[in-house]
Amino acid sequence: MAPTSVQRPRSADPRGQYRVGIIGGGQLARMMHQAAISLGVDVRLLADAPDESAAQVMGDVQIGSHLDHDAVLAFGRDCDVVTFDHEHVPTDFLREMEAEGIAVRPGAEALVHAQDKAVMRARAAADGQPCPAWEICGGPEKLVAFGNRHGWPVIAKTSRGGYDGKGVWKVNGPDEVAEPFDAMGGLADGDQPIQILAEEFVDFTRELSAIVVRSPSGQAVAYPVSETIQRDGICVETTTPAPGMSDERQCEIQQMALDIAGRLGVVGVMAVELMERADGSVVINELAMRPHNTGHWTIHGSRTSQFANHIRAVLDLPLGDPSLTAPVVVMDNVLGGSVQDLTGALQHCFARDRSLHVELYGKQVRPGRKVGHVTCLGSDVADVQRRARDAAGYLMGRDNA
Ligand code: ADP
């Protein structure tokens, strides 16, 4: 049979079954696996430990580190296509896999923009995408000069290795410039060099997320734009579509995200995290190239989830409809609190709200750790947010007396 697409990886399996390799054993891999099951796609996992969220539920698991060159290369050789649960695989390993002919999706050329915030800023500036003022600072004195030029406070970030707000500092004045430089040694990212990036402090009114998916043959879809609430660098809630945003504005933002995905040659899901100013203008905060926390609402709130579309994209299958299944969709993260028995706590949540959706990740509850999320659908923003907050709050141990 003639191939339907030159881009689609060839299955090495006699049944023609594809094997997608996922590097990283977190909840994103767990939810990608769930989507892959429906498509009859085998998934193989490279995880650090057997008790990781995805490793618990998958049959084909290789235990090894994403920083172990030989383990990553051997893993890649055994898969039809390789994709990721996180962006911390050293870029050199990805390039080596590609040089061997392994299908790595997204590829190194694109993924480096999600791995390295300095590379992303340079490219976005060159492409004329909206960014805050920024500069690489070789030492504390450069950060002082940047602050004096652009005004205090400033944001300092490590170019690599940060996540969930770790590796981001609000620097209020020249007295505080030493901290990011002192702390960056603790944020190793394999052998990759880490730099300090200074950014103008954006006095945003809210944060937004634009999620798009692109396939190797260039098909792309855009999900409705979400408003996101981040607390201490962790996403706690998304509301979709972003309340109060005009269709025209939403289209412009979706178009910008599609444009970035096309220019960078992204394959799979890409999230563009944005900060919106009081006048409605936006600047890019960062890019992620994998299913993203701000897209978890799509499992129940969209006709095709980000996980299903990611699996379709890496196999170069036609992408699914990203449109909403309800006028308003709210997702709240469940962060570890005083409740250890989360499944037991569902008794109350489901009895109270029978249209509630819950995903739990099988993770040991620890304070502040992402252990699950809830999704509510409806038509009134305040009502849907209240239902989601009630359920997530209960699972976190608030007001459970
Ligand atoms: P991480 O990689 O840990 O997710 P981010 O770069 O997304 O880090 O930054 C974490 C949070 O810090 C953002 O969600 C935003 O609230 C805030 N932030 C980041 N950059 C800026 C900026 N230039 N101005 C103001 N706040 C910022």
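Whatever order the structure lists them in is the order used to number ligands and atoms, beginning at 1.
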Pairing residues for His86 by the ring-ring contact (aromatic ring centres under 6.0 Å, His included) criterion, not counting sequence neighbours: His66, His88
Short N or O separations between ligand 1 and the protein, below 3.5 Å:
from	atom 1	to	atom 2	distance (Å)
ligand 1	2 (O)	Lys117	NZ	2.8
ligand 1	2 (O)	Glu286	OE1	3.2
ligand 1	2 (O)	Glu286	OE2	3.1
ligand 1	3 (O)	Asp164	N	3.2
ligand 1	3 (O)	Gly165	N	2.6
ligand 1	4 (O)	Glu286	OE2	2.8
ligand 1	6 (O)	Lys117	NZ	3.2
ligand 1	6 (O)	Lys157	NZ	3.1
ligand 1	6 (O)	Asn285	OD1	3.3
ligand 1	7 (O)	Asn285	ND2	2.8
ligand 1	7 (O)	Glu286	OE2	2.9
ligand 1	8 (O)	Lys117	NZ	3.4
ligand 1	14 (O)	Glu207	OE1	2.7
ligand 1	16 (O)	Glu207	OE1	3.3
ligand 1	16 (O)	Glu207	OE2	2.8
ligand 1	20 (N)	Lys157	NZ	3.1
ligand 1	23 (N)	Glu199	OE1	3.0
ligand 1	23 (N)	Glu200	O	3.0
ligand 1	24 (N)	Val202	N	2.8

Neighbour count above 12 (heavy atom, 6.0 Å) for Asp321 CG: yes
Ion pair check, Glu135 and Lys142, cut-off under 4.0 Å: no
Check: Tyr361 ring centroid to His373 ring centroid under 6.0 Å: yes
Side chain Asn309, main chain Gly320, donor-acceptor under 3.5 Å: yes
Ser355-Arg387 side chain donor-acceptor pair, cut-off 3.5 Å: yes
